[in-house]
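First up is the structure itself, then whatever we jot down about it.
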Number of protein chains: 2
Amino acid sequence: MSYITEPELKNSEQGIALFSNNSSLQTGLLAKLIGEELQINCDVYREIEEVPKEISLLLVDCNGQNIEVLTSFIRDVHDKIDDVTAALLNAEHDSDHERLLDWPCVSGLFYVDTEQDQLIRGLHSLLDGDFWVPRRLLHRFLDKNRKAPSNFKRPNVKLTKRERQILKLIKDGATNADISEALSVSEHTVKSHLYNVYKKIGVRNRLEASNWVRDMDDLDTL
Amino acid sequence: MSYITEPELKNSEQGIALFSNNSSLQTGLLAKLIGEELQINCDVYREIEEVPKEISLLLVDCNGQNIEVLTSFIRDVHDKIDDVTAALLNAEHDSDHERLLDWPCVSGLFYVDTEQDQLIRGLHSLLDGDFWVPRRLLHRFLDKNRKAPSNFKRPNVKLTKRERQILKLIKDGATNADISEALSVSEHTVKSHLYNVYKKIGVRNRLEASNWVRDMDDLDTL
DNA sequence: CACCACGGACAATTATCTTTTCCAACGTGA
DNA sequence: TCACGTTGGAAAAGATAATTGTCCGTGGTG
């Protein structure tokens, strides 16, 4: 086998796409700067359709875009272009721009007042597959999303395979009829299993059972 | 029964508690250092019961404690001592110690190889109410916990106040009876509201409604 | 023996749909 | 400005259907 790598070829194939609807003059300059500093191809696009599928990084200029357009753009990126990492440019402080980080495809955010050298450092980081997110936003996300592990005090609830299957379906809102069809058993059987599950995990009804599942630390350990 | 100083009432509200089961000699030195550097009272405790309720910061020494003990200790802190911020000391890299950050009471983490000046800076930050968490862990948390906002496509579901109230209760597993009692209305009314809600948000039953709420970006915007 | 499937019988809860009551906002004419 | 109808939305209630939950069984299978 060969260990030969071809960095030149790689760089020419994969570049940075800069999506912006701003004056092509400034944006072009920025693209040029990025290209020179990172030794990578950086092209400007004004329409999402033009953006090639294979790029290493997609920079989205928030400037001049309203948040709805921006959101739907990011959604498109998330849905249509698989496996691309994106980053926001010229984001406003304490704006809805910051919420776009909820999308798993967005790995970086540069504020409108970011210095050049910071931008370059961030881009390097992003190209390496790392994040570039202001610590403040990371803290906010942690603060908002973490919660006390709730199932760690569930000592030894041993669920059978069938019971686990049914619980997973419950979690997604399946009715008894749905479950009976999905597992090709009678509704009576479903009820029996559920009845046993409720007693095992100590809940009153399917809603609490669903929440029990959804609150698990790790759904796969079910 | 020892050189552990009994904190005075006035100072206890502004002090740091260092919980450790390590050699009192080193730990005592650390407490002394912290006390001098931060100009704050820092006392060592070896039993959770001894830790006073009102402290500004609780440092938990991971060294020499196994993870089960640590976890149950943090749980106790979380459950019993309300409104205290804790931080982990001497955490191992890539260990279960890091998972203790899931507990909302844990705001900081210092690895076993943390330098003195970093520790001091971190403590200052924590005393200011900020976090002190390695960026790597923040990134990992972000990566693991964020997901594409699922309610962005809900165009203009206008829920009334009552409907929002009921949805919030539903989310926590309340039955119609629970809701009727909580809101002091008849069960009939609850059913009507729910019926209307189902149609508005396009779900089949209360379980899907509950999931709809739980999948919201921001529960508060409900 | 634990797990799974199935069934009956009944109770309890939930879902659907219609109707009624209440209240606040709006416009109009005197 | 003040009654007055009118309107529309929300809250509430009633009646009925549908689903879910409880508890008791019976076998079958590895």
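Letters go in sequence order (proteins before strands), and every chain restarts at 1. What you are looking at is a predicted structure, and each value in this text was computed from that prediction instead of being measured.
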**Request:** Measure the spacing between CG of Asp96(B) and CD of Glu68(B) and express it to the nearest 0.5 Å.
**Result:** 8.5 Å

**Length of the CD-C1' vector between Glu208(A) and dG21(D), whole Å** = 13 Å

**Item:** Atom pair CG (Leu18(B)) and CG (Leu89(B)), whose distance is rounded to the nearest 0.5 Å
**Value:** 6.5 Å

**Item:** Side-chain N,O (Arg162(A)) to OP1/OP2 (dA5(C)) below 4.0 Å
**Value:** yes

**Prompt:** Taking OP1 and OP2 of dA13(D), is either one under 4.0 Å from a side-chain nitrogen or oxygen of Thr189(B)?
**Reply:** yes

**Asked** Please give, in whole Å, the distance from dT13(C) C1' to Ile179(B) CD1?
**Response** 12 Å

**Asked** Does His193(B) place a side-chain N or O at less than 4.0 Å from the phosphate oxygens OP1/OP2 of dA10(D)?
**Response** no

**Request:** When you get a sec, tell me which of dC6(C), dT20(D), dT14(C) is the closest nucleotide to the side chain of Arg206(A)?
**Result:** dT20(D)

**d(OH, Tyr198(A); C1', dT22(D)) in whole Å** = 11 Å

**Message:** Strictly below 4.0 Å: does Asn176(A) bring a side-chain N or O up to OP1 or OP2 of dT19(D)?
**Reply:** no

**Asked** Can you tell me how far P of dA17(D) sits from NE2 of His188(B), to the nearest Å?
**Response** 15 Å

**Request:** Would you kindly compare Val185(A) and Lys200(A) by the position of their nearest DNA chain C nucleotide and give the one closer to the 5′ end?
**Result:** Lys200(A)

**Request:** Starting at atom NZ of Lys158(A), determine the distance to atom C1' of dA2(C), rounded to an integer number of angstrom.
**Result:** 12 Å

**Prompt:** Is Lys161(A) touching bases, backbone alone, or none of the nucleic acid, heavy atoms closer than 4.0 Å?
**Reply:** sugar-phosphate

**Request:** Check the distance between dA12(D)'s P and Tyr195(B)'s OH and give it to me in whole angstrom.
**Result:** 19 Å

**Item:** Sidechain N-carboxylate O distance under 4.0 Å for Asp178(A), Arg204(B)
**Value:** yes

**Message:** With hydrogens left out and only the distance checked, is there a donor-acceptor pair under 3.5 Å joining Ser192(B)'s side chain and the base of dA13(D)?
**Reply:** yes

**Asked** Looking across every strand, which nucleic acid part, if any, lies under 4.0 Å from Asn205(B) by heavy atom: base, sugar-phosphate, or nothing?
**Response** sugar-phosphate

**Request:** Starting at atom CD of Glu163(B), determine the distance to atom P of dG9(D), rounded to an integer number of angstrom.
**Result:** 13 Å

**Asked** Can a salt bridge be assigned to the pair Asp102(A) and Lys144(A) using a cut-off of 4.0 Å between side-chain N and carboxylate O?
**Response** no

**Request:** Scan Thr160(A) against the nucleic acid and name what it touches under 4.0 Å (heavy atoms): base, sugar-phosphate only, or nothing.
**Result:** sugar-phosphate

**Gap between atom NE2 of His193(A) and atom CG of Leu167(A) - 0.5 Å precision** = 11.5 Å

**Complete:** Rounded to whole Å, CG of Leu194(A) lies from P of dT13(C) at a distance of 17 Å

